[in-house]
Amino acid sequence: MENSPRDQASSNVVPQPIRMSDGAGATDLGPRDIMRDRENPDMLVPPVTDAGLLPNMKFSFSDTHMQLNQGGWSREITVRDFPIATTLAGVNMRLTAGGVRELHWHQQAEWAYMLLGKARITSVDQAGRNFIADVGEGDLWYFPAGIPHSIQGLEGGCEFLLVFDDGSFSDLNTLSISDWFAHTPKEVLSANFGVPESAFSQIPNDQVYIFQDTVPGSQESQKVQSPYGTIPLSFTHRLLAQPPLKTPGGSVRIVDSSHFPISKTIAAALVEVEPGGMRELHWHPNNDEWQYYLAGQGRMTVFAGNGVARTFDYRAGDVGYVPFAFGHYIQNTGNQSLWFLEMFKSDRFVDVSLNQWMALTPRDLVRDNLHVGPELLDALRKEKWSVVKYPGCTYENK
Ligand code: MN
Ligand code: MN
């Protein structure tokens with residue numbers, strides 16, 4: 001008995017570019033990368049509904065350059081690797097216990113999600129107000145463009161995702177304190193700080209970026225009293241601790257400037273899709289969507305209009321992208337929960353549900369437009385569910 005490409009992907013059978021439903025295609029005689037083919041069953045054998053020219057909407061952090069330093073590492077996905085992703089760029093960073101992402105700033109705002117472990121962040125704003133906080137798993141931070149900051153791994157170290165509101169950003173090209181010192185005449189440093197030039201004899205020759213330091217003491221022990229007080233809007237938010245919107249098939253936690261006021265340029269949803277469930281057919285009327293997959297595996301078809309649609313497979317560590325207003329769904333294709341972040345360069349999270357749109361439109365108009373009967377019309381929902389699951393509609397049954 002023949003297996004579908006998805007069954008072949010999870011077994012020892014070598015997957016072949018042959019569509020079971022119509023017999024189209026033929027065996028791949030090689031050369032080929034079978035591991036990659038197993039990871040991309042919907043590329044090897046696209047659904048018959050895929051058509052036309054849609055650029056790549058998937059890039060994996062596993063295909064990026066690793067910047068290794070004493071104290072941690074970083075890797076990034078920007079327009080240089082992933083040309084469609086113009087609105088946002090992502091950085092995956094690890095800091096050891098005590099490892100420091102040095103004092104720096106940049107022209108873009110920074111939004112972050114702590115994946116594992118704990119870190120301490122610091123900042124000072126234009127009014128001389130300061131900020132210090134410890135963040136743990138599932139917590140966010142946001143630094144507005146141009147505001148200086150630092151990140152340090154606490155006991156056990158940490159790993160996090162950084163998202164910047166410009167696809168051409170690079171974390172290797174920020175404004176760093178060590179870089180500025182190294183590229184300022186020593187007599188100017190002396191004049192600026194009112195100390196002899198000899199005070200600068202040991203400064204780094206170049207950008208430090210990440211360095212190993214000792215684990216800091218308590219937040220209280222590091223606190224610096226500012227005469228101007230502390231920053232009034234928190235730079236952190238506990239997203240995973242936020243009560244989720246529970247829907248049949250999963251859960252959603254939405255965070256934008258209405259929940260996290262400082263986050264004026266980035267909105268996000270943390271989505272969980274149970275096995276057999278899917279993020280329903282929808283689109284976003286505000287901006288492009290940038291996705292980061294945290295756990296599990298799924299597939300997404302992006303519909304671009306004019307008969308154009310393309311399907312991609314994603315797993316933990318991948319980034320996906322959907323241009324403004326293009327239709328899409330995300331289906332869990334594995335047997336564990338699929339977790340991902342959907343993110344927007346926007347002050348708000350908004351989406352339009354296909355199901356809800358149809359339910360709130362005159363019934364005879366929908367019927368005559370799509371040639372569908374009461375079976376579908378009666379099943380339409382006036383509520384938006386975001387993540388759906390119906391008995392008998394699991395991916396495995398297809
Ligand atoms: Mn930064
Ligand atoms: Mn979406």
Side-chain angles (χ1 to χ4, degrees), residues 1-11 13 15 18-24 38-51 244-253 269-283 291 293-303 309-316 320 322 327-340 342 351-361 363 366-367 369-398:
M1 188 181 150
E2 301 215 81
N3 291 318
S4 73
R6 180 78 59 183
D7 294 336
Q8 292 176 15
S10 57
S11 72
V13 178
I18 300 171
R19 190 182 289 121
M20 292 301 129
S21 61
D22 60 3
R38 282 204 171 100
E39 286 188 358
N40 296 292
D42 289 290
M43 295 253 247
L44 190 69
V45 183
V48 283
T49 44
D50 276 16
L245 172 71
K246 284 274 188 190
T247 73
S251 69
V252 184
R253 290 171 175 84
L270 174 63
V271 182
E272 173 198 12
V273 184
E274 293 166 7
M278 63 182 276
R279 174 84 170 89
E280 67 173 333
L281 288 157
H282 70 281
W283 72 92
Q291 304 163 340
Y293 289 83
L294 294 115
Q297 60 182 65
R299 69 166 182 170
M300 171 168 75
T301 302
V302 176
F303 166 64
R310 188 173 169 194
T311 306
F312 300 87
D313 301 288
Y314 301 90
R315 56 180 55 216
V322 185
H328 55 287
Y329 67 87
I330 297 151
Q331 190 170 31
N332 187 336
T333 55
N335 47 26
Q336 65 168 108
S337 273
L338 168 68
W339 284 86
F340 66 95
E342 37 184 284
D351 63 354
V352 178
S353 155
L354 172 66
N355 194 316
Q356 186 182 47
W357 173 40
M358 291 167 66
L360 300 176
T361 296
R363 190 178 160 102
V366 174
R367 182 194 62 218
N369 195 149
L370 283 173
H371 306 164
V372 290
E375 187 185 21
L376 173 66
L377 297 169
D378 293 343
L380 293 172
R381 293 179 269 102
K382 289 178 176 146
E383 309 78 33
K384 200 189 285 180
W385 276 3
S386 298
V387 186
V388 299
K389 182 160 71 175
Y390 297 100
C393 293
T394 62
Y395 182 80
E396 282 71 27
N397 289 349
K398 287 202 155 208

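Sequential numbering from 1 along the given sequence is applied to the chain's residues.
Checked by atom type, the side-chain pair Ser337/Glu274 shows no donor-acceptor distance below 3.5 Å. Under 3.5 Å, the side chains of Tyr329 and Gln331 contain no donor-acceptor pair of N or O atoms.
Using a distance-only test at 3.5 Å, with no hydrogens or angles considered, no donor-acceptor pair links the side chain of Asn332 to the main chain of Gly277. Not a single donor-acceptor pair under 3.5 Å links the side chain of Asp42 to the backbone N or O of Phe312. The backbone N or O of Lys382 lies less than 3.5 Å from a partner atom in the side chain of Gln356, making a donor-acceptor pair. Side-chain atoms of Arg279 come within 3.5 Å of backbone atoms of Ser386 as a donor-acceptor pair (strictly under, hydrogens ignored). For Thr247 (side chain) and Val387 (main-chain N/O), a donor-acceptor pair under 3.5 Å exists by modelled atom type. Judged by distance alone, the side chain of Asp50 and the main-chain N or O of Thr311 form a donor-acceptor pair under 3.5 Å. Not one N or O on the side chain of Arg315 forms a donor-acceptor pair closer than 3.5 Å with the backbone of Glu39.
Rounded to the nearest 0.5 Å, atoms CD (Glu383) and OG (Ser353) are 10.0 Å apart. How far CE of Met278 is from OH of Tyr390: 9.5 Å, rounded to the nearest 0.5 Å. Here the OH atom belonging to Tyr314 is positioned 10.0 Å from the CG atom belonging to Asn40, to the nearest 0.5 angstrom. Within the model, atoms CG of Asn355 and CG of Leu380 stand 5.0 Å from one another, a figure rounded to the nearest 0.5 Å. Note that OG1 of Thr333 and CD of Gln297 are 4.0 Å apart. Values are rounded to the nearest 0.5 Å. Leu338 CG to Leu294 CG: the interatomic distance, rounded to the nearest 0.5 Å, is 9.0 Å.
Salt-bridge annotation for Arg381 and Glu280: present, with a side-chain N of the basic residue lying under 4.0 Å from a carboxylate O of the acidic one. Arg38 and Asp313 are not joined by a salt bridge, as no carboxylate oxygen comes within less than 4.0 angstrom of a charged side-chain nitrogen. The pair Asp351-Lys384 meets the salt-bridge criterion, with a side-chain N (NZ, NE, NH1 or NH2) lying under 4.0 Å from an Asp/Glu carboxylate O.
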Yes or no on side-chain contact (heavy atoms from CB on, under 4.5 Å) for Leu377 and Arg367, after CA distance, side-chain angles and deciding distance? CA-CA 7 Å; Leu377 297 169; Arg367 182 194 62 218; 3.8 Å; yes

Please lay out, stage by stage, how Val302 and Arg310 fare under the test side-chain contact (heavy atoms from CB on, under 4.5 Å). CA-CA 6 Å; Val302 176; Arg310 188 173 169 194; 5.8 Å; no

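Heavy-atom neighbours of Glu375 CD from other residues, nucleotides or ligands within 6.0 Å: at or below the threshold of 12.
In this structure, Thr49 and Thr301 have side chains that are not in contact, with every pair of non-hydrogen atoms separated by 4.5 Å or more. Asp22 has its side chain within reach of Val48: a pair of non-hydrogen atoms, C-beta onward, lies under 4.5 Å apart. Residues Ser251 and Arg253 are in side-chain contact: their nearest non-hydrogen atoms beyond the backbone lie under 4.5 Å apart. Using a 4.5 Å cut-off on side-chain heavy atoms (C-beta onward), Val273 and Phe340 make contact. Put simply, the side chain of Val322 reaches to within 4.5 Å of the side chain of Gln291, judged on heavy atoms.
Between Ile18 and Gly23, the shortest heavy-atom contact is CG2-O, 4.3 Å. The nearest pair of heavy atoms linking Gly320 to Tyr293 is N-CE1, 4.2 Å.
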